[in-house]
Structures are given as structure tokens and as C-alpha cells.
Amino acid sequence: MSDHKIDHFVFAAETLNQGSEIIKNLLKEDLSDINAHKTMGTHNRVISLGSCYLEVISLDPQNQNVNKNTWFNLSNISYRETFLKNPKLTSFVISSKKFERSIFFKKKFLVSRNKYKWFFRKPNFDYLKKNNFRNLNLFPSLINWETTSPLDTMKKSSYIFESLEIMLNKNHKLLYDFLLSLNLKEKIIFNFDDDINDDLLSLKLTLKSLIDDKQILIS
């Protein structure tokens, strides 16, 4: 039986302040303090969504040893100029208690931050490109927590995950097949439209308020 689940969603921005302000204004709630990933050259803020969380992330301008191959393609100038003119929901991360061999992912590596440690596997962009998969960050990354997840101690927000909508075209059916194979319990809506350009494919995250059942869309 698969133990895969959605761990968190990735809202990327050119600057952490820019991305954080958008989410704070949308949800009317504060995010966590700033967390730094020194080996990856990024920093983030997070907010809980019940069974998962939302991460706002950007390159860390204070980190002079920035990783030239960091996660979510953030070190790629061309990617940032094309996709991050405005902060947006760019990717998501799936957790599992163990990693199985997969052509879809690169070799795992260990990351640590304060008391937390985790193994991470980035998508195999070379393989995806060979299979005509062009909007690379649509494909999720994998995480395996060596310690407890920060979600366990994260301040609870008044929002929970409702659904994830993924806009796809025929070049990206690979993602549809992969996610179905994981038997995820979370609600994922696949929206196929072959007339949409690869660069315009997107993720849309719907949250539900525990206070008034109001739905919030993040994209």
C-alpha cells in the first residue's frame, strides 16, 4: 500500500517579502518566522493547512554561497524571469517514508535546518525534457523526513487543504499517470486542455476556512 501524501505546496517569488505579503494579505494570517536553507541558498516562511502546509520561498540574498542547482529551479535566471515576474504557486512536494528507485527523480540528498533533517529528491528534469515535459516544476519533488515534520509543531492556521487543480496538456500526461500510480488520498483535479501553451499550464490550490467555510484560491 502506498504511503505517499502531499507534504507541502511551493509558492515561489523573487523576494521572500514579496511572496509573503501576497499570502498574508490573502489569508489575513501571519506566516512563520524566516527559515534559512544554507546549503541550498534559499529561505522561506510557512503556514499550516491541516494535513499539509504552504511554503513561501525565494533565493536568500544574504547567502553568498548560493547553490547553483537549488530546488524548484530557483537558481535558474531564465526560469525566474519567465515564471516569477509575479509570485505564484509553482510546485508541490510529496512525502513518503521510503524512497523507491524511479526514473522520474534524481538521487536523494540530505538537508538539515535547526532540529529538522530530511532527504530530498528533485525531479529528473533531463528525463522529463526528453519526454516532451516542458513545464518542469509542475512535476512534484519527493521528501522523506528523518525527523518529525515541522508541521507537527507548526502554529495551526484557520485554513485547511481542500483541493489541488492541475492544468495539463498532452505533453504533460506523464504527470497524470505518475500521480494516479501513487494512490494519493488528497483531492486532485486534472484539467486537460491541449490548446494551452506549455508555459501557461498551472497549479491552483483551494483552501477552506474553518471559521466560515469560505474558499480561498492560490495560484
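- At least one donor-acceptor pair closer than 3.5 Å links the side chain of Ser75 to the backbone N or O of Thr70.
- Residues Leu179 and Ile94 form a side-chain contact, since some pair of their non-hydrogen atoms from C-beta on lies under 4.5 Å apart.
- Taken from CG in Asn183 to OG in Ser181, the straight-line distance is 7.5 Å, to the nearest 0.5 Å.
- You'll find the side chain of Arg45 stays beyond 4.5 Å of the side chain of Ile23, heavy atoms only.
- Identified under the salt bridge (Lys or Arg N to Asp or Glu O under 4.0 Å) test for residues 171-181, with sequence neighbours left out: Lys173-Asp177.
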Stepwise, does the side chain to side chain contact (heavy atoms under 4.5 Å, CB included) test hold for Leu205 with Leu49? CA-CA 11 Å; Leu205 171 63; Leu49 303 174; 4.2 Å; yes

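- Taking 4.5 Å as the limit, some side-chain heavy atom of Lys208 sits within range of a side-chain heavy atom of Asp213.
- For residues 55-82, the set of pairs meeting the salt bridge (Lys or Arg N to Asp or Glu O under 4.0 Å) definition, not counting sequence neighbours, comprises Glu14-Arg80.
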Pair Leu84, Leu74 - check side chain to side chain contact (heavy atoms under 4.5 Å, CB included), show working. CA-CA 9 Å; Leu84 295 184; Leu74 289 176; 3.8 Å; yes

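- Under the 4.5 Å side-chain contact rule for hydrophobic residues, Leu89 and Ile196 share a cluster.
- Heavy-atom minimum distance, Ile103 versus Asn124: O-ND2, 3.3 Å.
- No side-chain heavy atom of Val46 sits less than 4.5 Å from a side-chain heavy atom of Pro150.
- Qualifying side-chain contact (heavy atoms from CB on, under 4.5 Å) partners for Ser219, counting only residues two or more places apart in sequence or in other chains: Lys204.
- For residues 151-161, the set of pairs meeting the side chain to side chain donor-acceptor pair (under 3.5 Å) definition, not counting sequence neighbours, comprises Glu29-Ser158, Tyr116-Thr153.
- Atom NZ of Lys214 has 12 or fewer neighbouring heavy atoms from other residues, nucleotides or ligands inside a 6.0 Å radius.
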Apply side chain to side chain contact (heavy atoms under 4.5 Å, CB included) to His37 and Arg113, showing your working. CA-CA 6 Å; His37 313 115; Arg113 174 181 63 77; 4.0 Å; yes

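- Proximity of a side-chain donor or acceptor of Ser202 to a complementary backbone N or O of Met167 within less than 3.5 Å is not detected.
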What verdict does the ring-ring contact (aromatic ring centres under 6.0 Å, His included) test give for Phe104 and Phe178, after you've listed the backbone C-alpha separation in whole Å, the side-chain angles of each residue and the deciding distance to 0.1 Å? CA-CA 9 Å; Phe104 294 121; Phe178 171 74; 5.3 Å; yes

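- Geometric assessment of Lys108 against the ring of Phe119 yields a positive cation-pi assignment under the 6.0 Å and 45° thresholds.
- Side-chain atoms of Arg121 never come within 3.5 Å of backbone atoms of Lys107 as a donor-acceptor pair (strictly under, hydrogens ignored).
- For Asp33, the side-chain contact (heavy atoms from CB on, under 4.5 Å) criterion is met by no residue, not counting sequence neighbours.
- Side chain to side chain, Thr42 and Trp71 meet the donor-acceptor criterion of an N or O pair below 3.5 Å.
- Both Ile47 and Ile34 are assigned to one and the same hydrophobic cluster, defined by single-linkage of ILVMFWY side chains at heavy-atom distances under 4.5 Å.
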So Phe92 and Ile166, side chain to side chain contact (heavy atoms under 4.5 Å, CB included) or not? Walk me through it. CA-CA 11 Å; Phe92 59 111; Ile166 308 178; 4.3 Å; yes

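- Met154 and Leu210 are assigned to two separate hydrophobic clusters, defined by single-linkage of ILVMFWY side chains at heavy-atom distances under 4.5 Å.
- Scanning all heavy atoms of the two residues, the minimum distance from Trp145 to Thr148 falls at CE3-O, 4.0 Å.
- Interatomic distance, CD1 of Ile218 versus CG of Leu164, reported as 11.5 Å (0.5 Å rounding).
- Residues in residues 84-96 take part in these side chain to side chain donor-acceptor pair (under 3.5 Å) pairs, two or more places apart or across chains: Asp3-Ser96.
- For Phe133, the ring-ring contact (aromatic ring centres under 6.0 Å, His included) partners two or more places apart in sequence, or in a different chain, are Phe139, His172.
- Here Ser51 contributes atom OG and Asp7 contributes atom CG; the two are 10.0 Å apart, rounded to the nearest 0.5 Å.
- Remark: the backbone N or O of Tyr127 is paired with a side-chain donor or acceptor of Asn131 at under 3.5 angstrom.
- At distances below 3.5 Å, at least one donor-acceptor pair connects side-chain atoms of Asn137 with backbone N or O atoms of Phe72.
- There is no path of hydrophobic side-chain contacts, each under 4.5 Å, that joins Ile160 to Leu31.
- Leu203 and Ile189 fall into different hydrophobic clusters, defined by Ile, Leu, Val, Met, Phe, Trp and Tyr side-chain heavy atoms under 4.5 Å apart, directly or through other members.
- Sorted by first then second residue, the ring-ring contact (aromatic ring centres under 6.0 Å, His included) pairs that include residues 190-219, not counting sequence neighbours, are Tyr176-Phe190, Tyr176-Phe192.
- In this structure, the side chain of Glu186 engages the main chain of Ile6 through a donor-acceptor pair within 3.5 Å.
- The side-chain contact (heavy atoms from CB on, under 4.5 Å) test applied to Ser78 returns Asn76, Thr82, not counting sequence neighbours.
- Residues Ser48 and Leu151 approach most closely at CB-CD1, 4.0 Å, considering heavy atoms.
- Nearest heavy atoms, Phe120 versus Ser141: CZ-CB, 3.3 Å.
- Ring centroids of Phe161 and Phe9 are separated by less than 6.0 Å, placing the two rings close together.
- Every residue meeting the ring-ring contact (aromatic ring centres under 6.0 Å, His included) condition with Tyr53, not counting sequence neighbours, appears here in chain and number order: His8.
- When all heavy atoms of Asn35 and Ser32 are compared, the closest pair comes out as ND2-OG, 3.7 Å.
- Distance check: Leu184 CG to Leu182 CG gives 5.0 Å after rounding to the nearest 0.5 Å.
- Note: His4 NE2 to Lys98 NZ = 9.5 Å, rounded to the nearest 0.5 Å.
- Residue pairs meeting the salt bridge (Lys or Arg N to Asp or Glu O under 4.0 Å) criterion with at least one partner in residues 190-203, sequence neighbours excluded, are Arg134-Asp198.
- The side-chain contact (heavy atoms from CB on, under 4.5 Å) test applied to Gln215 returns Glu162, Thr206, not counting sequence neighbours.
- Contact detail for Leu175 and Leu138: the closest heavy-atom pair is CD2-O, 3.5 Å.
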